[in-house]
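Heads up, the thing below is written out as structure tokens.
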Number of protein chains: 2
Amino acid sequence: MDIQLKRGFLDVCVLAAIKDGESYGYKIIKDLKPYIELSESTLYTILKRLETAEMLTVRSAEHDGRLRKYYRITDNGLKRIKEFRDEWKEMVSVYQFVIKEESHE
Amino acid sequence: MDIQLKRGFLDVCVLAAIKDGESYGYKIIKDLKPYIELSESTLYTILKRLETAEMLTVRSAEHDGRLRKYYRITDNGLKRIKEFRDEWKEMVSVYQFVIKEESHE
DNA sequence: ACATAATACATCGTAACACGAAGTATATGA
DNA sequence: TCATATACTTCGTGTTACGATGTATTATGT
């Protein structure tokens with residue numbers, strides 16, 4: 001997906017990836033891969049941003065001798081996902097404007 | 001619409017605004033207003049970018065003593081709109097992932 | 001007559017953000 | 001032993017939307 005297009009979706013995708021239970025960085029990237037690809041540097045930037053915005057919480061834990069940071073969604077995060085549903089309506093309206101009278105060969 | 005979300009739509013909206021015939025800056029802003037809002041500084045940046053990418057051509061003309069620059073879409077521009085239709089499919093897939101199992105109260 | 005708004009385009013600086021590159025460190029499998 | 005996978009971190013960079021500001025003319029209202 002085009003980088004500019006991604007910008008509006010990445011945050012909410014990361015939230016969606018943890019909304020059914022805790023997850024951690026590496027796993028989030030793999031879970032999102034079929035839908036949207038993002039690099040580690042991108043993800044950790046986003047996670048930090050979402051933490052600052054209090055849309056998720058973090059806890060550190062050791063797993064097989066390696067550090068893992070587990071992320072859990074908050075009420076703010078869930079609210080963000082709900083807002084996205086409204087934003088989607090705007091996107092649909094824009095999409096219809098753009099493809100209006102376009103040939104569908 | 002959220003600024004991050006806009007980023008993926010603005011270019012293609014501007015192209016859509018001129019795809020049925022020539023238009024000029026001030027008019028494009030007004031025509032797009034019901035769908036997506038953008039400032040003059042944003043628009044002129046976009047127009048310059050699309051011109052560089054050869055997705056539109058420009059001609060200057062005087063109208064009521066004022067300068068006007070008329071923009072016309074090119075084949076590249078039309079191709080861009082077609083590509084957007086494919087990108088939309090990806091967006092739909094991402095959207096469905098995000099709202100999956102979401103309550104629809 | 002004068003002020004304000006609308007039309008029309010241009011430039012500059014800034015802040016947000018995705019990303020590649022590079023780094024640190026452990027575990028596993030060939 | 002050497003590569004690969006796991007796992008998180010930091011830095012620098014390029015793209016980009018936007019507010020602020022500027023220039024200039026025409027139209028409108030009082």
Side-chain angles (χ1 to χ4, degrees), chain A residues 1-15 17-18 22-33 35-53 55-71 80 87 90-91 94, chain B residues 1-15 17-18 22-33 35-53 55-71 80 87 90-91 94:
Chain A
M1 187 185 276
D2 173 72
I3 180 173
Q4 299 307 322
L5 220 36
K6 271 183 172 179
R7 286 176 107 99
F9 291 90
L10 279 173
D11 278 32
V12 90
C13 279
V14 171
L15 288 172
I18 59 169
E22 274 188 342
S23 189
Y24 56 94
Y26 221 71
K27 184 165 189 296
I28 293 170
I29 289 174
K30 283 173 147 193
D31 289 344
L32 289 181
K33 199 149 202 167
Y35 307 101
I36 198 162
E37 289 199 50
L38 73 172
S39 67
E40 291 175 73
S41 57
T42 301
L43 177 65
Y44 292 111
T45 307
I46 292 170
L47 287 169
K48 189 77 66 128
R49 182 164 67 237
L50 292 175
E51 190 191 352
T52 303
M55 293 190 185
L56 52 78
T57 55
V58 199
R59 73 176 177 91
S60 287
E62 194 159 316
H63 177 85
D64 287 344
R66 267 196 294 267
L67 174 74
R68 261 196 198 161
K69 290 177 108 175
Y70 291 94
Y71 299 89
R80 179 70 190 85
E87 291 176 332
E90 291 182 63
M91 288 185 251
V94 167
Chain B
M1 187 185 276
D2 172 73
I3 178 175
Q4 300 307 321
L5 222 35
K6 270 182 173 180
R7 289 176 107 98
F9 291 90
L10 279 174
D11 279 32
V12 89
C13 278
V14 171
L15 288 173
I18 59 169
E22 274 189 341
S23 189
Y24 56 94
Y26 221 72
K27 183 164 189 296
I28 293 170
I29 289 174
K30 282 175 151 190
D31 289 344
L32 288 181
K33 198 149 203 165
Y35 307 100
I36 199 162
E37 290 199 50
L38 73 171
S39 66
E40 290 171 65
S41 57
T42 300
L43 177 65
Y44 291 111
T45 307
I46 292 171
L47 288 169
K48 188 77 66 129
R49 183 163 65 237
L50 292 175
E51 189 191 353
T52 304
M55 294 190 184
L56 52 77
T57 54
V58 200
R59 73 176 178 91
S60 288
E62 192 158 318
H63 178 86
D64 285 344
R66 267 196 293 267
L67 174 73
R68 262 196 197 164
K69 290 177 107 176
Y70 291 94
Y71 298 89
R80 177 71 191 85
E87 291 175 332
E90 291 182 63
M91 288 186 250
V94 167

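Here is how names work: the chains are called A, B, and so on, in the same order as the sequence lines, proteins then strands, and each is numbered from 1. Everything numeric in this text was worked out from a predicted model, so none of it was measured.
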Which residues satisfy the salt bridge (Lys or Arg N to Asp or Glu O under 4.0 Å) test with A:E87, sequence neighbours excluded?
A:R80

Once salt bridge (Lys or Arg N to Asp or Glu O under 4.0 Å) is applied, do any residues pair with A:K27, and if so which ones, sequence neighbours excluded?
A:D31

Summary of protein contacts for nucleotides 19-30 of chain C, nucleotide by nucleotide, where a base hit scores B, a sugar-phosphate-only hit scores S (4.0 Å, heavy atoms)
BBB----BS---

Between [N] atom [atom2] and [X] atom [atom1], what is the distance in whole Å?
X     : N      : atom1 : atom2 : value
B:Y44 : C:dC12 : OH    : C1'   : 17 Å
B:L67 : C:dA10 : CG    : C1'   : 11 Å
B:R68 : C:dA8  : CZ    : P     : 4 Å
B:L47 : C:dT11 : CG    : C1'   : 15 Å
B:R49 : C:dT11 : CZ    : C1'   : 16 Å
B:Y24 : C:dA10 : OH    : P     : 15 Å
B:L5  : C:dA16 : CG    : C1'   : 15 Å

How far does CG of B:L47 sit from CD1 of B:I18, to the nearest 0.5 angstrom?
7.5 Å

Reading DNA chain D from 5' onward, which residue's closest nucleotide shows up sooner: A:Y71 or A:K30?
A:K30

Give the first and the last nucleotide of DNA chain D, reading 5' to 3', that has any atom under 4.0 Å from a heavy atom of chain A.
D:dT6 to D:dT16

Tabulate below the donor-acceptor pairs under 3.5 Å that side-chain atoms of residues 1-12 of chain B make, not counting sequence neighbours, or state none.
from: B:D2; atom 1: OD2; to: B:Q4; atom 2: N; distance (Å): 3.0
from: B:D2; atom 1: OD2; to: B:L5; atom 2: N; distance (Å): 3.2
from: B:Q4; atom 1: OE1; to: A:R7; atom 2: NE; distance (Å): 3.3
from: B:K6; atom 1: NZ; to: B:E37; atom 2: O; distance (Å): 2.5
from: B:R7; atom 1: NE; to: A:Q4; atom 2: OE1; distance (Å): 3.4
from: B:D11; atom 1: OD1; to: B:R49; atom 2: NH2; distance (Å): 2.7
from: B:D11; atom 1: OD2; to: B:R49; atom 2: NE; distance (Å): 3.4

Quick one: list whatever passes side-chain hydrogen bond (donor to acceptor under 3.5 Å, both in side chains) with B:Y35, sequence neighbours left out.
none

Excluding sequence neighbours, so at least two apart, what forms side chain to side chain contact (heavy atoms under 4.5 Å, CB included) with [X]?
X     : result
B:T57 : B:R72, B:T74
A:S39 : A:S41, A:T42
B:S60 : B:L67, B:K69

Would you say C:dA16 has OP1 or OP2 under 4.0 Å from some side-chain N or O of B:Q4?
no

Counting only side-chain nitrogens and oxygens, does B:R7 get under 4.0 Å of the OP1 or OP2 atom of C:dA16?
no

A:K27 near the nucleic acid: base, sugar-phosphate alone, or nothing, with a heavy-atom cut-off under 4.0 Å?
nothing

Heavy-atom pair with the smallest gap, counting every atom of B:L38 and B:I29
O-CG2, 3.8 Å

